[in-house]
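Owing to the predicted nature of the structure, the values given are computational and were not obtained by experimental measurement. A note on names: the letters A, B, ... follow the listed sequences, proteins ahead of strands, and every chain is numbered from 1. Computed from heavy atoms alone, side chains included, the values below leave out hydrogens, waters and symmetry copies.
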2 protein chains.
Amino acid sequence: MRLSDGVEWAIHCCTVLAALPAGQALPAAKLAEFHGVPPAYLAKHLQAITGAGITESLPGPRGGYRLARPPAEISLLQVVLAVDGDDAAFRCSEIRQRGPVAGPPDTYRRPCGIARAMWRAEDAWRAELASTSIGDMVDEVLNNVPADQLDKATAWISQVDITRRNRK
Amino acid sequence: MRLSDGVEWAIHCCTVLAALPAGQALPAAKLAEFHGVPPAYLAKHLQAITGAGITESLPGPRGGYRLARPPAEISLLQVVLAVDGDDAAFRCSEIRQRGPVAGPPDTYRRPCGIARAMWRAEDAWRAELASTSIGDMVDEVLNNVPADQLDKATAWISQVDITRRNRK
DNA sequence: GTCCCTATACTCGGATAGCAAGTGTCCGAGTATAGGCGG
DNA sequence: CCGCCTATACTCGGACACTTGCTATCCGAGTATAGGGAC
């Protein structure tokens, strides 16, 4: 079982976007450079979270991505599902119906106990991710990252020409 | 994120093995036929859980696989990790250290909050799987599967020559 | 009749191809901007 | 001097190759068995 690398990138990007002044956008290329990841591939994932309504995109010069909602209202689960897909990790292929001792289809109305147990575990995973927001991630950064590091990052982002990047 | 199909097969096989008389073994080919899955591929996964000490194998005629421990002492988590590998689904690639604003390596002694949040969710997933055992799966089958279905399955397994299949 | 030996058949185990999904990249469509031109 | 228009450059968006890991398979090593033969 493996989670796409894009999940990590997307969450980091959302955290950075959440730390920007309200309404300000940042291009995908800058986000990629900031994190040291391939720009074209990161763009793919930014499109995914934009399609899910987590971020919104502004085309044209001075455009970019910005959060579509307050950071506290974006859960990690929403980002993960947007990037990685909302399919369950465990997929019941109903092998109980495939053997020589299989009964009539009507016998298998309810999912088998194994699938229910696996899905229950996934529900616990989702619940934990749903209870954590991008806002929590921002708070964690502000509390644990040294001040000089924060200043350094802020300065780098400011070097991007933002004169009018926070348009309607 | 996707879990290997072998996980489902392995748990079903363990459940069947748990329902056998104590000490009795069943060949991989019969387990595959019972579940309607490719024999050679199922064998691969049975090797995995055998290597993890969940099942044990008996070579030669009248051999096969059987549980190495009581069903109640085998958690679903152990089976899942044996088949799918014990790597975490979320892998932190430390992109916070890769940008132009990265600080000295000593700054990043502790894992970042994003990785911690993701791993916390995985811990919840593992805890749920660890609290469910193969014995629970057997109980669920005995309680929810119609009696005639159980008889049918038992009869099919008995058709396998078991005269001396439960050896030392 | 009992014991031993040998040939057999059955089992697991690891090494080997095939394929799908994730990974990585590129170029085209669309838009706000900035400068120049006319009034 | 002010307003409009056009060309520009920058942005996102979807379509196109490549690689890793899961899927699927096969053949060889090892063993308990079953039968036959000798004592």
Asker: If the cut-off is 4.0 Å, is B/Ser57 near the phosphate of C/dT11, judged by side-chain N/O to OP1 or OP2?
Answerer: no

Asker: So, does A/Asp136 use its side chain to make a donor-acceptor pair with the main chain of A/Thr132 at under 3.5 Å?
Answerer: no

Asker: Ignoring hydrogens and angles, state whether a donor on the side chain of A/Ser133 or A/Glu73 is under 3.5 Å from an acceptor on the partner side chain.
Answerer: no

Asker: Check every atom of C/dC26, D/dC12, D/dT31 against the side chain of A/Pro27 and return the nucleotide holding the closest atom.
Answerer: D/dC12

Asker: At less than 4.0 Å, is any side-chain N or O atom of A/Thr50 found next to OP1 or OP2 of D/dC12? Yes or no.
Answerer: no

Asker: Using atom CG of B/Leu46 as one end and atom P of C/dT11 as the other, report the distance to the nearest whole Å.
Answerer: 13 Å

Asker: Please check: side-chain N/O of A/Lys152 versus main-chain N/O of B/Ala102, any donor-acceptor pairing under 3.5 Å?
Answerer: yes

Asker: Just by distance, do the side chain of B/Gln97 and the backbone of B/Pro105 share a donor-acceptor pair under 3.5 Å?
Answerer: no

Asker: Is any side-chain heavy atom of A/Pro100 less than 4.5 Å from a side-chain heavy atom of B/Trp156?
Answerer: yes

Asker: C/dT31 phosphate, OP1 or OP2: any side-chain N/O from A/Arg62 under 4.0 angstrom?
Answerer: no

Asker: In whole Å, what is the span from the CG atom of B/Asp5 to the C1' atom of D/dA24?
Answerer: 12 Å

Asker: Between the protein and nucleotides 3-9 of chain C, which nitrogen or oxygen pairs are less than 3.5 angstrom apart?
Answerer:
none

Asker: Testing A/His12, A/Glu8, A/Glu140 one by one against B/Cys112 for a side chain to side chain contact (heavy atoms under 4.5 Å, CB included), which residue passes?
Answerer: A/His12

Asker: Between A/Glu56 (side chain only) and A/Arg66 (backbone N and O only), is there a donor and an acceptor less than 3.5 Å apart?
Answerer: no

Asker: Take the protein atom CG of A/Leu26 and the nucleotide atom P of D/dC10, then report the distance between them rounded to whole Å.
Answerer: 16 Å

Asker: What's the CZ-C1' distance between B/Arg66 and C/dC12, to the nearest Å?
Answerer: 14 Å

Asker: For a quick check under 3.5 Å, do B/Ser57 and B/Thr50 share a side-chain donor-acceptor pair by atom type?
Answerer: no

Asker: On the nucleotide C/dC19, are OP1 or OP2 found under 4.0 Å from the side-chain N or O atoms that B/Tyr41 carries?
Answerer: no

Asker: If you look at every strand shown and take non-hydrogen atoms under 4.0 Å, does A/Ala28 touch a base, only sugar-phosphate, or nothing?
Answerer: sugar-phosphate

Asker: At under 4.0 Å between heavy atoms, which parts of nucleotides 15-20 of chain D does protein reach? Answer with one letter per nucleotide, 5' to 3': B base, S sugar-phosphate only, - none.
Answerer: ------

Asker: Select one nucleotide: of D/dC12, D/dT25, D/dT23, the one nearest the side-chain heavy atoms of B/Ser4.
Answerer: D/dT23

Asker: Nearest whole Å is fine: how far is D/dC12 P from A/Leu58 CG?
Answerer: 9 Å

Asker: Please tell me which of A/Met1 and A/Tyr65 maps to the more 5' nucleotide of DNA chain D, matching each residue to the nucleotide holding its nearest heavy atom.
Answerer: A/Tyr65

Asker: Should A/Gln47 be listed as having a side-chain N or O under 4.0 Å from OP1 or OP2 of D/dG14?
Answerer: yes

Asker: Rounded off to whole Å, could you give me the CD-to-P distance for the B/Glu8 and D/dT23 pair?
Answerer: 11 Å

Asker: Rounded to whole Å, how long is the line connecting atom CG of A/Asp84 with atom P of C/dG22?
Answerer: 7 Å

Asker: Whole-Å distance between D/dT11 C1' and A/Leu31 CG?
Answerer: 13 Å

Asker: Who are the side-chain contact (heavy atoms from CB on, under 4.5 Å) partners of A/Val141, not counting sequence neighbours?
Answerer: A/Thr15, A/Val145, A/Leu150

Asker: In terms of hydrophobic clustering (I, L, V, M, F, W, Y; side-chain heavy atoms under 4.5 Å; direct or indirect links), are A/Tyr108 and B/Val16 co-clustered?
Answerer: no

